[in-house]
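Chain A is the first sequence line, chain B the second, and so forth, proteins listed ahead of strands; every chain is numbered from 1.
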Amino acid sequence: MDELKVVAFIVALVGGAVGAAAVMTWFERRMLGIWQDRLGPNRIGPFGIVLVAADMLKLLGKHDWIPPFADRPVFVLAPTAIVIAMMLGFAVVPFAPDLVVIDMNVGLLFFLAMTSLAVYSVLLGGLASNNKYALLGGLRSAAQMVSYEVFMGLSLMGVVMLAGSFSLPTIVEAQSQLWFAITQPLGLFVFIIAGLAESHRLPFDLPEAEHELTAGFHTEYGGMKFAMFMLGEYLGLMLISCMITTLFLGGWLGPVLPPIVWFFLKTFVVILFFILLRAAIPRPRYDQLMSLGWKVMLPITLINLMLTGAIALWQSGGMP
Amino acid sequence: MLALLESLRSQLVTMGRVLGHTFTRSETVQYPEQKPYLAPRYRGRIVLTKDPDGEERCVACNLCAVACPVGCIALQQGVNDDGRWHAEFFRINFSRCIMCGMCEEACPTYAIQLTPDFEMCEYERTSLVYEKEHLLIDGPGKYHDYNFYRVSGLEIAGKQKGQAQNEAEPINVKSLLP
């Protein structure tokens with residue numbers, strides 16, 4: 001791709017991702033409604049989709065208030081970090097062959113780094129708010145990150161071993177025979193859970209936990225700053241779904257339909273699955289989350305890693 | 001370990017069940033377009049009914065005001081020239097009313113009744129204070145044939161003692177005859 005094309009693609013990607021995140025707020029509420037035998041928002045426009053615009057208008061019109069006790073610069077900058085980090089994460093997602101902003105040979109590591117950076121947003125937002133609930137939310141988020149980051153990375157190492165590369169297009173190409181979802185079921189399972197925890201989605205939304213912490217780390221936020229946090233959360237959800245598609249569900253690979261359609265179709269199914277999780281699964285207690293992470297998920301990941309390594313070694317013709 | 005697998009199974013079953021709800025009907029009643037059925041006994045807006053002859057049933061006995069747990073009823077009694085009792089004013093503050101129906105239960109003349117109407121929103125709170133003319137309706141409400149003055153022993157113009165339904169003639173206490 002020449003430079004102009006790349007710039008155009010980036011602009012389209014940023015616009016598309018933000019737009020999709022906005023539409024997703026509506027879509028998620030509709031799906032939750034269907035699964036909970038309700039209707040969900042259905043008043044404005046066809047199926048209530050204009051609600052997205054109404055929501056945006058409302059958020060734009062809100063008083064942009066900064067609490068006098070807050071740490072002002074950090075308070076203002078914290079919500080941007082999550083959006084920037086998640087947006088950067090999209091740079092390495094291969095939507096189709098040659099349709100990727102940058103094909104890094106360490107693409108997977110870049111993705112992991114960016115999702116880790118996003119946690120700073122929550123952490124600093126909670127800290128800068130100078131509010132006990134926000135602080136508790138930030139604290140939880142930090143602990144959650146420490147325990148889930150470890151096996152999030154490790155769970156992907158099996159995929160890397162089988163593909164022999166950190167580059168995401170290469171990983172997709174390596175699945176032309178068999179998806180890694182079939183050869184790496186444990187890796188997929190662990191990555192889904194870690195991804196949920198990473199994007200603070202509902203079963204693991206302990207940093208927000210509106211029943212215990214009012215709204216957790218964004219208690220003091222309102223208007224567009226709050227919208228940035230929500231945008232970041234939905235971008236995170238989409239990024240994780242894109243990564244699951246890329247790493248485990250064969251990315252753009254598929255018969256008949258063009259590659260990009262396959263990619264979005266698979267991503268859509270994964271997003272639906274995440275919304276289903278939100279509709280069905282209650283939030284665990286804080287200590288349950290931690291003990292699940294360290295006592296169950298980490299061992300599973302290590303076993304998976306060991307088995308994958310052994311099989312890879314055996315297939316390549318025994319010990320080197 | 002076994003407990004963990006069991007909890008995992010339970011979560012998967014939950015997800016399956018919730019997924020099954022994709023195909024169940026929604027319970028939502030789309031209210032302004034689609035009105036739910038309200039039984040005649042539904043406790044909504046309070047009315048003051050009239051008897052079959054078109055006279056006010058309320059005798060302003062104050063029992064409803066006494067029964068009211070939130071004290072939202074205020075009234076004062078007056079006596080007509082024909083001997084009937086009536087309310088000089090009758091005021092219900094619907095911003096306090098909790099639609100409990102105690103007043104209806106307390107009413108000895110079936111005058112005060114609750115109706116299946118709950119759509120009484122107002123932009124001003126004072127508009128929720130209903131006076132007697134707002135409360136009065138022309139019909140007899142839920143009790144079509146009941147007429148308090150016909151069954152009670154109270155003497156009014158055109159009905160002397162002993163002329164009410166099932167009422168015996170007054171006993172002449174000065175007579176020795178049975």
Side-chain angles (χ1 to χ4, degrees), chain A residues 27-48 51 185-186 188-190 192-193 196-197 201-204 268-285 287-301 303, chain B residues 1-46 94-101 114-128 130:
Chain A
F27 179 70
E28 175 165 40
R29 286 158 75 179
R30 285 295 295 198
M31 289 315 291
L32 287 177
I34 286 171
W35 281 323
Q36 296 169 350
D37 286 353
R38 300 181 283 118
L39 288 174
N42 67 342
R43 288 283 143 169
I44 332 167
F47 300 103
L51 181 84
L186 281 179
L188 175 62
F189 174 68
V190 173
I192 284 176
I193 290 179
L196 275 176
R201 290 287 304 170
L202 198 79
F204 296 121
F268 182 70
V269 171
V270 177
I271 288 175
L272 269 182
F273 175 73
F274 277 130
I275 297 176
L276 175 66
L277 277 180
R278 177 175 186 168
I281 309 289
R283 182 189 305 124
R285 219 169 48 222
D287 60 309
Q288 288 171 333
L289 179 87
M290 299 299 276
S291 66
L292 180 77
W294 289 110
K295 291 184 191 160
V296 181
M297 290 300 160
L298 188 60
I300 286 182
T301 320
I303 290 168
Chain B
M1 195 62 197
L2 211 65
L4 193 78
L5 287 177
E6 171 57 28
S7 68
L8 185 68
R9 189 193 68 84
S10 136
Q11 309 258 296
L12 288 175
V13 168
T14 309
M15 280 163 62
R17 295 250 168 91
V18 173
L19 194 62
H21 277 258
T22 316
F23 308 106
T24 53
R25 263 166 48 83
S26 128
E27 298 287 339
T28 311
V29 178
Q30 301 226 54
Y31 159 60
E33 294 96 39
Q34 196 186 341
K35 310 241 167 158
Y37 169 73
L38 296 179
R41 296 195 300 181
Y42 187 90
R43 300 199 304 263
R45 183 167 54 87
I46 297 172
F94 277 106
S95 66
R96 298 189 74 168
C97 177
I98 57 172
M99 313 290 173
C100 63
L114 276 73
T115 55
D117 171 27
F118 57 92
E119 294 164 316
M120 42 198 304
C121 301
E122 296 284 352
Y123 285 102
E124 273 181 58
R125 185 164 289 215
T126 46
S127 309
L128 280 166
Y130 282 41

Report task. May I ask you to check whether over 12 heavy atoms, not counting those of F47(A), lie within 6.0 Å of atom CZ? Result -> no
Requested in this report: Under the side chain to side chain donor-acceptor pair (under 3.5 Å) rule, collect the residues that match up with S95(B), sequence neighbours excluded.
Outcome: N93(B)
Report summary line: Greatest number of non-hydrogen atom pairs under 4.5 angstrom with chain A, of Q30(B), R25(B), E27(B), falls to Q30(B)
Query raised in the report: Is the CD atom of E124(B) crowded by more than 12 outside heavy atoms at less than 6.0 Å?
Result: no
Report summary line: Applying a strict 4.5 Å limit to non-hydrogen atoms, the region of L12(B) in contact with chain A is neither
Query raised in the report: If you check every heavy atom in residues 15-24 of chain B against those of chain A, which residues fall under 4.5 Å?
Result: M15(B), V18(B), L19(B), H21(B), T22(B), T24(B)
Query raised in the report: Looking only at heavy atoms, which of residues 34-43 of chain B get nearer than 4.5 Å to chain A?
Result: none
Report task. Using heavy atoms and a sub-4.5 Å threshold, report which of residues 28-44 of chain A line up against chain B, by residue number. Result -> I34(A), W35(A), D37(A), R38(A), L39(A), N42(A), R43(A)
Report summary line: So CG of L292(A) and OG of S7(B): to nearest 0.5 Å the spacing works out to 8.5 Å
